There are 2 protein chains.
Amino acid sequence: MDGPADDTDPSPRRAPVTLRTIAELAGVHVTTVSRVLAPPAQAVRTSSPETAQRIREIAADLGYRPDPHGRALRTNRSHLVGVLVPRLADLVLATVYEGVEDAAGRAGYSTFVTNSQDDVARRADRTDMLLARRVDGVVLGDAPVDGSSLGLLVERGVPYALVSRRAPGHPSVTCDDLAGGRLAAEHLLALGHRDVAVVAGEPYTSTGLDRTGGFLAAFAEAGHPVPDHRVRRSGFDVRGGREAAEALLSTGPLPTAVFAVNDFAAIGVMGAVRDRGLTPGREVSVVGFNDVPLAAELPVALTTVRSPMHEMGRRGFALLLAQIEGRPWSSELLDPELVARASTGPAQR
Amino acid sequence: MDGPADDTDPSPRRAPVTLRTIAELAGVHVTTVSRVLAPPAQAVRTSSPETAQRIREIAADLGYRPDPHGRALRTNRSHLVGVLVPRLADLVLATVYEGVEDAAGRAGYSTFVTNSQDDVARRADRTDMLLARRVDGVVLGDAPVDGSSLGLLVERGVPYALVSRRAPGHPSVTCDDLAGGRLAAEHLLALGHRDVAVVAGEPYTSTGLDRTGGFLAAFAEAGHPVPDHRVRRSGFDVRGGREAAEALLSTGPLPTAVFAVNDFAAIGVMGAVRDRGLTPGREVSVVGFNDVPLAAELPVALTTVRSPMHEMGRRGFALLLAQIEGRPWSSELLDPELVARASTGPAQR
DNA sequence: GCGCAGTGCACAAACGATTGGGCGGAGTCG
DNA sequence: CGACTCCGCCCAATCGTTTGTGCACTGCGC
């Protein structure tokens, strides 16, 4: 269709502008240029105002951008961070990543993001790739709750921060999922629901565990413990939610409400509910988690617990940066918020 | 919660292993090591089998990974490519990106991905950032159909490839969207639909334009031209589809079918249909585009035109790589495929 | 007039990898 | 036995940046 570029190459990748280019034009040594152009913070041995001004003008004219490889080689700082997520096609993690990238960009860092697919071998492989790229640190959005898989990083002394999923003893920024589970429970309790079921997510994730845990604790404390057979593990996607819901809805009496630990799983639950000729929010209430934009737009708008996904990403990067720069830091727990919509209503019996 | 790391730093980021480390252990010069470890393709001036073997063993033992910065500095090749997408939180582009990353990884490249938000200023800013990082090329998933915004790349002589959206005269790998629009039209025509509407996407994208164009052409050729007021631009997300559908459904007689150029927009259309007390697939048929995984899982499974998103990403990278390596290349058009589901049925009057 | 401090630069050595060139030694051939 | 070839390896320069140190000059105080 287009064919190879003809050989009268229009722009032969013109010679890059380096410190030396500028130094020659300004009639000074590269050292001087380097010092002038360095961030003001470390401005020792400064030049005369006129020289500095002249150098800055030339640099701006030529559109000088320091070569990150030269810099990295010399300083042993790549200004690169790796980001590991289960799947980028998962809207939740994609949003978290946007937050990471946002904060990283502001701090002069670039990010590599890659999918681990929640697979042990692949995670190791991708981590290895990131380290080979000499990243300054790693943001992990896919950590299993037992903290396994962190060994390689710890061993190499590479800073890391967990986001979305936490693991005890490791730096993390997560949503307060226990509190979030409770919010969902309190909402359903207030609506009169006593006989409920939980689509609990993957048991190796703190998100699944904590949200389920908070929910169950609140029901137990209210005097309505949820029996084990009403709790079922699931994937975090639509199919996972649907499958779990089908199992939960087909055994014994119908629960009056279902809590799914993820919005997409909740969408799957609604599908299963509808398949049985029922309407979400009437015969069976459904609560999700995360409040993805889609949730508000569904035919039956989804009641859900909003988690600050973007914010988690931003703070996760900040936590990582604090470690990289040797500043004090601490893990964070961000507040969830209940958003009541049409998919929940008074318990019907 | 965790506090700063205590000062008995467990692993002081142990000294990295370089060519010199290996050379000293093997009792040879770094040059020799470098040549032994270079990809076999350029194996000139090779060493004796014994030396090579010894070097390779030491390298493997020490887990040597060449420093990409040193290499980039010397070779002027960073093995880095940039990827620009409108939004990573858009499942379609996230999937395309997975394809790019997949192919890039196999070829020894790493990728920076970043959101342009379809905003001119932001796109320029992000492109600039990518160039500052010295990428070897750029994959563009957000190109406007008029090819504007490509100036900076052309001017700098940086190779690029368009994916998902094409622009005449620029290298691209896209779905044959014209054919895809026709597929949707033929499906509806076969079901007896004559009075249809189109949710057309953004007019600055080839995806919106071509899918709409193919659809309209097929209806016109069948003798049932679609009047202008039945075609409405829209965003590519649920909200955009819903808004466009509300406008289309509220003027004049109800169309018997709606074609949305994107699955999420189609979900919005289904929401609007339902809001009017109608059922998708009965009173109003709905066709989407892309076949995202969610489409099959919806309460009313969505009829849609499948586009090879992952494949587009992989081939897009291959197209870029061919340019980087100076091999011949050409743009590609991948075949779409109709997937009929419950959201379409015979025309009802 | 001399010493001294301070200013404004320059010099040079790294960081890790690649690569053209050179140099001994062994093998080949006449 | 000498010349030539080729093998196997080393030398040194280079990419662009940062940074510790040194040097010349100015101006000041005594």
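Keep in mind the model is a prediction, meaning the values are calculated, not measured. Chain letters run A, B, ... following the sequence lines, proteins first and then strands; every chain starts at 1.
By the side-chain hydrogen bond (donor to acceptor under 3.5 Å, both in side chains) test, A:His310 is found to be paired with A:Arg314, residues two or more places apart in sequence or in another chain being considered.
An OP1 or OP2 oxygen of D:dC9 is reached within less than 4.0 angstrom by no side-chain nitrogen or oxygen of B:Thr32.
Atom pair B:Arg77:CZ and D:dG16:C1' shows a separation of 18 Å (rounding to whole Å applied). Here the P atom of nucleotide C:dG24 and the NE2 atom of B:His29 are 16 Å apart, to the nearest Å. Straight-line distance from the CD atom of A:Glu24 to the P atom of C:dA10: 12 Å, rounded to whole Å. Going from atom CD of A:Glu50 over to atom P of C:dT7 covers 14 Å, rounded to whole Å. Remark: P of C:dG21 and CZ of B:Arg35 are 11 Å apart, rounded to the nearest angstrom.
The residue A:Val28 sits close only to the backbone: its heavy atoms come under 4.0 Å of sugar-phosphate atoms, none of a base.
Side chains of A:Arg126 and A:Thr114: a donor-acceptor N/O pair is present below 3.5 angstrom, by distance only.
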Protein and nucleotides 13-16 of chain C: nitrogen or oxygen contacts under 3.5 angstrom:
unit_1, atom_1, unit_2, atom_2, d
C:dC15, O2, A:Arg74, N, 3.2
C:dG16, N2, B:Gly70, O, 3.0

Identify all side-chain donor-acceptor contacts of residues 59-71 of chain A below 3.5 Å with residues at least two apart in sequence or on another chain.
unit_1, atom_1, unit_2, atom_2, d
A:Arg65, NH2, B:Asp128, OD2, 3.3
A:Asp67, OD1, A:His69, N, 2.6
A:Asp67, OD1, A:His69, ND1, 3.4
A:Asp67, OD1, A:Gly70, N, 3.3

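For a distance-only test at 3.5 Å, the side chain of B:Thr51 fails to qualify as a donor-acceptor partner of the base of D:dC9.
In this pair, A:Tyr160 and A:His170 present their aromatic rings tilted. The plane angle is within the 30 to 60° band. Note: B:Phe317 and B:Tyr109 have perpendicular aromatic rings, judged against thresholds of 30 and 60 degrees for the angle between ring planes.
Ion pair A:Asp118/A:Arg165 flagged as a salt bridge, since at least one NZ, NE, NH1 or NH2 atom sits closer than 4.0 Å to an Asp/Glu carboxylate oxygen.
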